[in-house]
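Below is one structure, written out as structure tokens; the observations come after it.
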Amino acid sequence: MDKSPAPIEEVIPHLKSEYPDARTELNWTTPLDLLVATILSAQSTDVRVNKVTEVLFDKYQTAEDYAAADTAQLEDDVRPAGFYRNKTKSIQGMARALISDHDGRVPRAMNDLVALPGVGRKTANVVLGNAFFIDEGIVVDTHVRRLSNRLGLTKEQDPEKIERDLVKIVPKTDWTVFSHLLILHGRRVCKARKPDCPNCILNDICPSADLS
DNA sequence: CTCCCGATAT
DNA sequence: ATATCAGGAG
């Protein structure tokens, strides 16, 4: 007998009052910056990514810069973020695709974004929502998945199936901020290993709350 | 499904 | 020591 899911119409206002300035914690200025930072963010912390991009964005500004970069040098720059060979290959492949197919610019369409090397639906949603203010979908990363499961908003584990459940219950105008709210709350309170349920603003409506 | 990979928290 | 971190490709 599982408990009822947390009502979304209460979850969102509660989290908005807790995190009124919710936005990405990745540092970026241009859409290309954000695309690179998001590729680097796979299985890495935002703090670590920001440390890497602080160096990276000084050396490379355009798709041409990344495409022309010495691969071994770029790997050295990327290394602290982890998966450095895959990520370097993705960044340079993505940069070449931007040059050959999109005049060196970051495209604003989901289909074009996910066609880029190293860019999946999660990364595409980050770029669309934050760089272009297009609520095309909901970013489902490790935090959004974990909190959505704990709150009972979905029973799915596959990110695309979770997104399909979430877009049905979250107002479209909140799609981008919603993922930021869950990500921030996931980092600070509803952590993977030791969730701080006693200090969680959602503990009275969360079916997974452990107040012992 | 496995592999990719370094840094940090527990 | 081990789980985890703004995933994606083969």
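Here is how names work: the chains are called A, B, and so on, in the same order as the sequence lines, proteins then strands, and each is numbered from 1. Every value quoted in this text rests on a predicted model; they were computed, and no experiment measured them.
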Looking at DNA chain B, which of [range] put a heavy atom within less than 4.0 Å of it?
range                       : result
residues 161-189 of chain A : none
residues 82-99 of chain A   : A:Gly82, A:Phe83, A:Tyr84, A:Arg85, A:Asn86
residues 30-64 of chain A   : A:Gln43, A:Arg48

By nearest nucleotide on DNA chain C, pick out whichever of A:Ala192 and A:Ala124 is the more 5' one.
->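 The 5'-side residue here is A:Ala192.
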
Considering heavy-atom distances to DNA chain C, does A:Glu25 or A:Leu116 have its closest nucleotide positioned more toward the 5' end?
->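 Going by which nucleotide is closer to the 5' end, it is A:Glu25.
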
Sequence neighbours left out, what passes ring pair (Phe, Tyr, Trp, His ring centres under 6.0 Å) with A:Tyr60? Give chain and number order.
->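 Applying ring pair (Phe, Tyr, Trp, His ring centres under 6.0 Å) to A:Tyr60 gives A:Tyr66.
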
In whole Å, what is the span from the [atom1] atom of [X] to the [atom2] atom of [N]?
X        : N     : atom1 : atom2 : result
A:Leu113 : C:dA6 : CG    : P     : 22 Å
A:Asn125 : C:dG7 : CG    : P     : 13 Å
A:His143 : C:dG7 : NE2   : P     : 7 Å
A:Lys122 : C:dC5 : NZ    : P     : 12 Å

Distance between [atom1] atoms of [N] and [M] (Å, rounded):
N      : M     : atom1 : value
C:dC5  : B:dC4 : C1'   : 14 Å
B:dC5  : C:dA3 : C1'   : 15 Å
B:dT10 : C:dA6 : P     : 14 Å
B:dA7  : C:dA9 : C1'   : 23 Å

Compare every heavy atom of A:Leu151 with every heavy atom of A:Val11, then report the nearest pair and how far apart it is.
->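 For A:Val11 versus A:Leu151, the nearest heavy atoms are CG1-CD1, 4.3 Å.
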
Does the side-chain contact (heavy atoms from CB on, under 4.5 Å) test come out yes or no for A:His180 and A:Asn130, once each step is laid out?
-> CA-CA 10 Å; A:His180 291 317; A:Asn130 295 279; 2.8 Å; yes

Check side chain to side chain contact (heavy atoms under 4.5 Å, CB included) between A:Thr142 and all other residues, then give those that pass, not counting sequence neighbours.
->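 Only A:Arg145, A:Arg146 meet the side chain to side chain contact (heavy atoms under 4.5 Å, CB included) criterion with A:Thr142.
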
Is there a chain of hydrophobic side chains (I, L, V, M, F, W, Y, each step under 4.5 Å between heavy atoms) that links A:Phe132 to A:Trp175?
->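 Looking at the clustering, A:Trp175 is in a separate group from A:Phe132.
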
Linking I/L/V/M/F/W/Y whenever their side-chain heavy atoms sit closer than 4.5 Å, directly or via other members, would A:Val167 and A:Val126 fall into one cluster?
->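 No; tracing contacts between hydrophobic side chains, which count when under 4.5 Å, never links both residues.
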
Start and end of the DNA chain B segment that chain A contacts, any atom under 4.0 Å from a heavy atom |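 Here the contact window of chain A covers B:dC4 to B:dT10.
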
List in chain and number order the residues that pass salt bridge (charged side-chain N to carboxylate O under 4.0 Å, His left out) with A:Arg121, two or more places apart in sequence or in another chain; answer none if no residue qualifies.
->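 Here the qualifying residues are A:Glu163.
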
Qualifying ring-ring contact (aromatic ring centres under 6.0 Å, His included) pairs, either residue in residues 6-37 of chain A, two or more places apart |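 Qualifying pairs: A:Tyr19-A:His185.
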
Please, which pairs that meet ring-ring contact (aromatic ring centres under 6.0 Å, His included) have at least one residue in residues 143-166 of chain A, sequence neighbours excluded?
->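 As it turns out, there is no ring-ring contact (aromatic ring centres under 6.0 Å, His included) pair with a partner in residues 143-166 of chain A once direct neighbours are skipped.
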
Salt bridge present between A:Lys168 and A:Glu156 (N-O < 4.0 angstrom) |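 The answer is no: the pair does not qualify as a salt bridge.
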
Could you give all pairs that pass the side chain to side chain donor-acceptor pair (under 3.5 Å) test and reach residues 44-59 of chain A, with sequence neighbours left out?
->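 Matches after skipping sequence neighbours: A:Lys59-A:Asp77.
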
Residue pairs passing the side chain to side chain donor-acceptor pair (under 3.5 Å) test where at least one lies in residues 199-208 of chain A, sequence neighbours excluded |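 Residue pairs passing side chain to side chain donor-acceptor pair (under 3.5 Å), neighbours aside: A:Asp196-A:Asn199.
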
What side-chain donor-acceptor pairs closer than 3.5 Å can you find for residues 101-118 of chain A, not counting sequence neighbours?
none

What is the nucleic acid contact for A:Arg146, judged by heavy atoms within less than 4.0 Å: base, sugar-phosphate only, or nothing?
->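 Touches sugar-phosphate only.
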
Can you tell me if the side-chain N/O atoms of A:Thr142 get under 4.0 Å from OP1 or OP2 in C:dC5?
->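 Answer is yes, contact under 4.0 Å.
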
Are more than 12 heavy atoms from other residues, nucleotides or ligands located less than 6.0 Å from atom NZ of A:Lys191?
->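 More than 12 within 6.0 Å, yes.
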
